[in-house]
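Structure first, then comments.
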Amino acid sequence: MMLFTQARGLPVITADEASALGKVSELTIDARTRSIACLRLSGAARECEVVGWDAVASVGRDAVIVRSRAAVEAGPREAPEHREAVGHRVLTEYGAEHGTVKDVAFDPVSGRVLTLYTALGDISGERLVGLGSYAVVVHADPR
Amino acid sequence: MTGLALASELTKREVVTLSGEAVARIKDTVFDAGAGRITGFTLSGRGLLAGPLKRSLPFSGVHAVGPAAVMIPSEAVLEDRKAVMRSGGSASGGVIGAPVLTDEGTEIGTVRDLVVETGTSGRVVGFEVAANAHFDPERRKVFIPRGQTLAVSGEALVVPVSASHFVAADLPSFGGQVEAFEAQGRPGGTHAAPLDEGGRA
C-alpha cells in the first residue's frame, strides 16, 4: 500500500540505464478501471512527461523505477485527462456530500486504487464511480 | 436514501454526472398538472452571468435528487427544453400562492412552497403553507401532507380536514407526519396530532 502524498516528488529512474527522467508530479486515476492510468512528471523531457502505468516496473519508498526510456517514450496506451482527486469534493451517487479527499492509497504493484481517505471516513476504491472536474463520485455506503 | 426538500431549495443545485462533471444548475422545478410529481427541471448555466439553457432535464433522466446535487448518468439524458415543459405542467405546478381550503370549507392559508421527496421518486409529499390568523394565531408557516384525496388547481388547494391535524412546523418533523398521515390509510380518520407549544406534533 502506498499513498499519493508519498509517491509525489519521487524521482523516476530507468531500470536499464539508471538515468533520471524527472519527478512524479501527479498520479492520474482512470475511474473506469479504478486504477492509476499514468504518472505525470515534472522536470522531464517533453516525450517523457506522461508515463503509462504499463511502463512502470515498481514504485518504491525512494524512487519509481520504469523499465526503460524507450518504454516511456512509446507513450501510454491511453492517457485520460488528469483529474485531481486529492483535495476534491466527494459526492455519493445519491447526491450527498461526503467531505473532500485527503489522500489516496494505491497498490504499488497493480496500480489499483485501494482507499480514498476523507475527513468523514475511508471509502473503498471499489466504490469509485467517477472522477470529474467537479467531484469524485462514489457508490453510497452499502451499510 | 430519501429525505425531504422544499422545491425552492432545489433551485441553483448543481446537476452533476456520475463521472463527476457539473453540467448545469437547476433553474426551476416542473411539476405535473396536479402538482403530484416532479416531471423535470429547467436548467441554467453554471457561470455567474449564465442564462437559461436550451436543454432541460426530464425526471426520467435523473439518477437521484440529493441534498448537495442532482445526479444524472450522463449529459445524454438532457432533452430539448420544450419536451420537458410539454410533458409536464408549469413551474411549481401553478399552486404557489394559491389559497388552501379544507374540504369543510375553511381557509387555512396560502401555498408557499412544495415539499418533495429526495432520492429517486420525485414525489410531492406536501405543501408549505403560510397559515392565516384564523388557523394559527401566530401565522407561522406550517407543512401539510399532500394526502390522497386532495384536489389541486391553479385557483385553490383542497385538503382533507384530517390533513390539517398533521401539520408540522419544520421539515425534519414533517417526515414523520407524512408517514403518520399515510399510515392512517383513510383520510378522515380520527387520529390527530395537534400542534403543541413548540409547533411539533
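Just so we're on the same page: letters track the sequence lines, and every chain starts at 1. None of these values were measured; they are calculated from a predicted model.
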Worksheet item: What are the two closest non-hydrogen atoms of B/Ala64 and A/Glu93, and how far apart are they?
Response: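 Scanning both residues completely, I find the closest heavy atoms to be CB-O, 3.8 Å.
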Worksheet item: Where is the tightest heavy-atom contact between A/Leu91 and B/Met71, given as atom of each residue plus distance?
Response: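 Nearest pair, atom of A/Leu91 first, then B/Met71: CD1-SD, 4.1 Å.
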Worksheet item: Around atom CZ of A/Arg112, are there more than 12 heavy atoms of other residues, nucleotides or ligands at under 6.0 Å?
Response: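 12 or below, so no.
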Fill in: Neighbourhood of chain B inside residues 128-135 of chain A, taking heavy atoms under 4.5 Å as contact
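So far as heavy atoms go, A/Val129, A/Gly130, A/Leu131, A/Gly132, A/Ser133, A/Tyr134, A/Ala135 are the residues that approach chain B to under 4.5 Å.
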Worksheet, complete the sentence: By residue number, those in residues 4-16 of chain B with heavy atoms under 4.5 Å from heavy atoms of chain A are B/Glu14, B/Val16
Discussion item. What part of A/Arg83 gets within 4.5 angstrom of chain B, counting heavy atoms only: side chain, backbone, both, or neither?
Written reply: side chain
